[in-house]
4 protein chains.
Amino acid sequence: MSFNTFGRLLRFTTWGESHGPAIGAIVDGCPPGLALSEADIQPWLDKRRPGASRFTTQRREADQVRILSGTFEGRTTGTPISLLIDNQDQRSKDYSDVAKAYRPGHADYTYDAKYGFRDWRGGGRSSARETAARVAASAVARLIIPEVKIRAYLVELGGDPVDRNRIDLDAIDANALNCPDTAAAERWEAALDAARKAGSSLGAVVECVTDGVPAGWGAPVYAKLDSELAAAMMSINAAKGVEIGDGFAAARLRGEENADAMRAGPTFLSNHAGGILGGISSGQPVVVRVAFKPTSSILTPVPTISRDGAETEIVTKGRHDPCVGIRAVPVVEAMMALVLADQKLLHRGQCG
Amino acid sequence: MSFNTFGRLLRFTTWGESHGPAIGAIVDGCPPGLALSEADIQPWLDKRRPGASRFTTQRREADQVRILSGTFEGRTTGTPISLLIDNQDQRSKDYSDVAKAYRPGHADYTYDAKYGFRDWRGGGRSSARETAARVAASAVARLIIPEVKIRAYLVELGGDPVDRNRIDLDAIDANALNCPDTAAAERWEAALDAARKAGSSLGAVVECVTDGVPAGWGAPVYAKLDSELAAAMMSINAAKGVEIGDGFAAARLRGEENADAMRAGPTFLSNHAGGILGGISSGQPVVVRVAFKPTSSILTPVPTISRDGAETEIVTKGRHDPCVGIRAVPVVEAMMALVLADQKLLHRGQCG
Amino acid sequence: MSFNTFGRLLRFTTWGESHGPAIGAIVDGCPPGLALSEADIQPWLDKRRPGASRFTTQRREADQVRILSGTFEGRTTGTPISLLIDNQDQRSKDYSDVAKAYRPGHADYTYDAKYGFRDWRGGGRSSARETAARVAASAVARLIIPEVKIRAYLVELGGDPVDRNRIDLDAIDANALNCPDTAAAERWEAALDAARKAGSSLGAVVECVTDGVPAGWGAPVYAKLDSELAAAMMSINAAKGVEIGDGFAAARLRGEENADAMRAGPTFLSNHAGGILGGISSGQPVVVRVAFKPTSSILTPVPTISRDGAETEIVTKGRHDPCVGIRAVPVVEAMMALVLADQKLLHRGQCG
Amino acid sequence: MSFNTFGRLLRFTTWGESHGPAIGAIVDGCPPGLALSEADIQPWLDKRRPGASRFTTQRREADQVRILSGTFEGRTTGTPISLLIDNQDQRSKDYSDVAKAYRPGHADYTYDAKYGFRDWRGGGRSSARETAARVAASAVARLIIPEVKIRAYLVELGGDPVDRNRIDLDAIDANALNCPDTAAAERWEAALDAARKAGSSLGAVVECVTDGVPAGWGAPVYAKLDSELAAAMMSINAAKGVEIGDGFAAARLRGEENADAMRAGPTFLSNHAGGILGGISSGQPVVVRVAFKPTSSILTPVPTISRDGAETEIVTKGRHDPCVGIRAVPVVEAMMALVLADQKLLHRGQCG
């Protein structure tokens, strides 16, 4: 794996900056003969697209994807699939302050420290805009795993969790927040409006539940399915934590509570494990949760320093999501699809 | 990366089963000229060694490491370093029940599902014994990053957290639980004794704080330092969650609370980020926490099925840690060292 | 490494088909701060561009490269560099026969055997057009190794070798055949004209001599510099053989003839080894030769079969190079640059 | 891939020095359930073992392999297979001269240049002894490709080729030189005896013909089967050239001569391509030839320099093969098996 490539047999490489001419992804290793056109990719990009509600950045991007290679007469050929999305709404002038001082919570300082300078327009390569390329790539991955159904949603926003008894997956698309609990969605809207008006931002926790993964995907020891998922999810902008199944709560259970008893079938009487045992899928739903910090781009002034080390304050104007977790939902789904498709091919390669 | 290999420039491959003749690691890509002998590795293995107290498995292993290649006249040559540890106390008879039925929480069922059969002696490749090989490999990694100081310890056991105001790193080695809070250590000992007598087990959370990492290690986008650490930590047996800095708690902060303000130096006024911004180290301490589920091997009977699908119960006799989190501490440190050493070399390779 | 990615620290991924809308390369892992614009890349593409003489395909391609990412204010940022070249002259109608029957010597049959179908327009992914993407990528690699001077040329065409006493590197650009021996160039022109008129084609041997590689690049055992070069060169279309230094002729020498004696400096009294000992550069010129088979696309009818197995004959019309070795010269140089730049970074990563 | 690891899905990592305590290989990614014991590996090692005749080094090594992991009840488990071979006959005293001065043709100077120092005992990591680990690993690979039959032999020794009309594969094992032409074997024995008496050595060309590879293994563009084979073969000690099918001779053919015409079946009327078209196997025999330089360790004095740069002469005493090509035969076969097994798994992974 390289810096901007993810995967083993199904590999994707993304490129592009927030304010460059375009972004894109190369998907390599895809099986041949799968039906693929732009129409298979666009809906996933539309789910992630900015500007859909007042709770996401007002940047306007059509996010129209073009397939430049790897298909012939509407089917994948087995050769690399090049996906390209033009950037349209790059108002670089918004970022003039960013050129001079480091935005706390952003990668400004660390990119400078590593590379000696940086593309300061909209965060450059560290912008969440990169995730559009992943979402595009994931549409290819989904073709490989038609047996799998992936669904992600927010289970907590600004510290306010959903009521687990009220989770209704059909409710997710009925609000602008990817919230499966209608009552929580109302509370969250109010909290977000208040945070936005206050020049602040909120964090969130995304949960992803995946049905249809058969037992046997994943591998010991450093290619464990949970290890791959942890890497995949932690690579998403603003992610600060990943847990599988009960996760941190499992550390508070006793052995007999945590053990998922088995019955004939096989079936399991519970799923504390989140569908993964010893790094290999068990046939139960694969459950992952990802914690996203509050958006670092806020209107509240924060003490910082300039490139030459002078102390100053910074206010991040521009157009930003008040809670990056909301638009992270399709990205979490994308990474899940990309990891699982890769694991399916790896398993087939080794075990036939 | 392959199934049993971790790393990019500094790579290590581990091999071996719990009850085979030996286990080992190959460390490849190590810089030449570093002083290395068995005496540099053994202390780290001794920290992880079983049988040191009543709170860890009573399996007796000397865990004596031998260097079989890669050094000459006491220094690394730049060629692969082969480390071998003989297994000594393999009482396979203890595991006869395991051959017949799946232990819930273990990898028994999933290995069978993946591979069609499994080495059932002590968990085979899925045994935590594999982590001894990582600890041995990490001693080599530490030679590459002398500027870095790594310290891990338990911050929660059985749902009982340490008092953050009472954390004293000097206290860690004064108890058998890797606990930095003397008062908590006493409570935990009682809880562990009770759990053990009840045929149960407890979970734990390990925290690892690393000083001395300069700004600039790590890389966008899929080689982010936090992404690598997440993969590394989640690959440890029984790990169910990983968080960086404030982690899941960051999802409950507001933007202005979470932003680590900067002052001249540069210094930071806080470290919610855990020393990583945009996937690259910031020069602050790198902070990671890992959640470990309670030991799945318990004396309490759990419903399960046999290999041929018949319903039964299983009690896991044998010798087991009542809380795997305790002995995970040196393993978390090992993975931190291995990731950081690799990142240092990668950074030097790309950026000079 | 993946199917369409080459390299370890400096990695490039190419994509695109002969008759798709575009081709391209992503170069990842490039050091930051290097001056790079399209003007640094275009001259190398122009050297490879078709249609320059009657001895190369008459396909007309401007081969204008665009940099879509990875630079800012004219310098590399350390993030992936996306290079795109639009295809312009794709006369797919020329290839209608190819859709029906397999061209002997081409990848038609094997792609069908592997993938179940293929993009038959101009060879699709197996077209030598892919090498334009490599040449573009190599311009980035050359920035990393300014100390290295690479020069390739033909030493044999149609079985007629140059006179080694008459090799003059300044002569190479004075003819259309990349020939360093003016007398040989005249003979070759006549041979090529005759072959073209006869509906035939000729093979060639390309030699590449590289000055300025310091001692110490490369690594045992499976990353030997000669092993990497062999893989790189053999991946070029129509390549059938690779040799280092004296190559196959070394197998006919006696030990004392083949040994390159050393004198103070160090200097070497000969260079049978081609600048590589034990897989590591010795500081002498790195010398590689690559054999290219005659172009498989010929006007002479060849017996073959159709997709459904019926026996037939095929004549490959279209526009083709009568000797692919001529235009392979800049591609050999490109692969040399890409391998060496990667090795330089790898060496710096491991050995500082 | 790392420095000492080869392969993608089936990967092997070798370690060990000529005069260390042992050498070994880890084979990772092997399919589960294959019958494997030491008895499956030993015969291949015995074919390579030194000391079998007066034409190979008189070093005495039993080369007894032990399987330390990855099997259970005689079958592979899918986890890493650790193979270990103890070194027995390490007369380090023979190499005292080597510590002081560089042996021309060897890796002595380049290892020093790269790493700052080296293990000078018997060439350390650069010794051909490393190839025993590959041969051991290849026995595992062979289990994965039972449909494939690999046979290698010498076709040229000291510049004296076999008579292609006299090649008889049954003759190979009837002489000590891996020669398929009985008459040539007699001439070669005389030539070798003369060279040895003269303190000299001879080079050789090994040919490897592989039957049973189905059409469809390999992949564009940088994982071409011929590219993988070139890397694999060039990584063998003393290899200086690799060619596929007609190789360098193909560069002297005309297009219509070189094209392998197809007839129904499909069958091919010739095999100039060596069984590979566009980097993918065609179903014909895969044919590779590898050129080996004469042994660099000779009794004839050669001018060289000492570590501190002073001019001197060196005579390489010790025990050496007068022609390394002879014992390279099983190593060429090993690398062929390792590449093909990997490609089979890769193909299955991507294409099902």
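Quick note on labels: first sequence line is chain A, next is B, and so on, each numbered from 1. Please read these numbers as outputs of a predicted model, since none were measured by experiment.
Ranked by non-hydrogen atom pairs under 4.5 Å with chain D, the options C/S201, C/G278, C/S306, C/A113 are led by C/S201. Ranked by heavy-atom pairs shorter than 4.5 Å toward chain C, the options D/E156, D/R134, D/K293, D/R125 are led by D/R134. Taking C/S200, C/C323, C/A107 one by one and counting their heavy-atom pairs under 4.5 Å with chain D, the maximum is reached by C/S200. Counting heavy-atom pairs closer than 4.5 Å to chain C, the top-ranked of the candidates D/G241, D/A310, D/A291, D/A251 is D/A251. For the set C/A219, C/G159, C/S227, the entry with the most heavy-atom pairs within less than 4.5 Å of chain D is C/S227. Note on C/G218, C/G245, C/G325: by heavy-atom pairs under 4.5 Å with chain D, the leading option is C/G218. The greatest number of non-hydrogen atom pairs below 4.5 Å with chain C, out of D/G279, D/S296, D/S282, is found for D/S282. Contact tally against chain C (heavy-atom pairs below 4.5 Å) for D/G105, D/A232, D/A230: the top residue is D/A230. Most heavy-atom pairs under 4.5 Å with chain C: of the set D/P220, D/G116, D/G247, this distinction falls to D/P220. Between chain D and the residues C/G309, C/C351, C/G352, the largest count of heavy-atom pairs under 4.5 Å involves C/C351. Among C/V242, C/I298, C/T13, the residue with the largest count of heavy-atom pairs under 4.5 Å with chain D is C/V242. For the set D/Y102, D/Y111, D/F292, D/Y109, the count of heavy-atom pairs under 4.5 angstrom toward chain C peaks at D/Y109.
One distance of note links CD of C/Q284 with OG1 of D/T110; it measures 11.5 Å at 0.5 Å rounding. Here CE of C/M233 is found 14.5 Å from CG of D/D226. Values are rounded to the nearest 0.5 Å. Distance CD1/C/I244 to CG/C/L277: 12.0 Å, rounded to 0.5 Å. Remark: D/F12 CZ to D/M335 CE distance equals 4.0 Å, nearest 0.5 Å. Atom CG in D/L154 sits 10.5 Å away from atom CD in D/E207 (nearest 0.5 Å).
The contact between D/Q350 and chain C is made entirely by side chain atoms (from C-beta outward), counting heavy-atom distances below 4.5 Å. Using a 4.5 Å cut-off between heavy atoms, D/L202 contacts chain C through both its backbone and its side chain. Of the two parts of D/A215, the backbone and the side chain both hold a non-hydrogen atom closer than 4.5 Å to a non-hydrogen atom of chain C. Heavy atoms of D/T295 lying under 4.5 Å from chain C belong exclusively to its backbone. Of the atoms belonging to D/A198, it is side-chain heavy atoms, and not backbone ones, that fall under 4.5 Å from chain C. In this structure, no portion of D/L157 lies under 4.5 Å from any heavy atom of chain C. For C/K224, the part sitting under 4.5 Å from any heavy atom of chain D is the side chain, from C-beta outward, and nothing else. Proximity to chain D is limited to the backbone of C/I276, based on heavy atoms less than 4.5 angstrom apart. The contact between D/S281 and chain C is made entirely by backbone atoms, counting heavy-atom distances below 4.5 Å. Residue D/V302 touches chain C through its side chain alone, counting heavy-atom pairs closer than 4.5 Å. Using a 4.5 Å cut-off between heavy atoms, D/N237 touches chain C through backbone and side chain atoms alike. Interface remark: C/E130 contributes side-chain atoms only to the contact with chain D (heavy atom separation under 4.5 Å). Only the backbone of C/I236 has a heavy atom closer than 4.5 Å to any heavy atom of chain D.
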From CA spacing to verdict: side-chain contact (heavy atoms from CB on, under 4.5 Å), D/L346, D/W217 = CA-CA 8 Å; D/L346 282 168; D/W217 292 1; over 6 Å; no

Candidate pair D/T14 and C/Y222, rule side-chain contact (heavy atoms from CB on, under 4.5 Å), full reasoning = CA-CA 9 Å; D/T14 65; C/Y222 305 111; 3.3 Å; yes

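Sequence neighbours left out, the pairs with a member in residues 236-249 of chain C that pass salt bridge (Lys or Arg N to Asp or Glu O under 4.0 Å) are C/E243-C/R289.
At least one donor-acceptor pair closer than 3.5 Å links the side chain of D/R11 to the backbone N or O of D/G7. Judged by distance alone, with hydrogens and angles left aside, the side-chain atoms of C/H347 form a donor-acceptor pair with the main-chain N or O of C/G216 at under 3.5 Å.
A salt bridge links D/R118 with D/D108: the distance from a Lys NZ or Arg NE/NH1/NH2 to an Asp or Glu carboxylate oxygen falls below 4.0 Å.
Inter-residue side-chain proximity for C/F248 and D/V205 is flagged as met; some heavy-atom pair is nearer than 4.5 Å. Counting heavy atoms from C-beta outward, D/S127 and D/E17 have side chains that stay 4.5 Å or more apart. Using a 4.5 Å heavy-atom threshold, the side chains of C/V331 and C/V206 count as separate.
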Can you give the donor-acceptor pairs under 3.5 Å from side chains of residues 258-270 of chain C to other protein atoms, not counting sequence neighbours?
| unit_1 | atom_1 | unit_2 | atom_2 | d |
| --- | --- | --- | --- | --- |
| C/D260 | OD1 | C/S270 | OG | 2.6 |
| C/D260 | OD1 | C/N271 | N | 3.4 |
| C/D260 | OD1 | C/H272 | N | 2.8 |
| C/D260 | OD2 | C/H272 | N | 3.2 |
| C/D260 | OD2 | C/A273 | N | 2.9 |
| C/R263 | NH1 | D/E311 | OE1 | 3.0 |
| C/R263 | NH2 | D/T304 | O | 3.0 |
| C/R263 | NH2 | D/T312 | O | 2.9 |

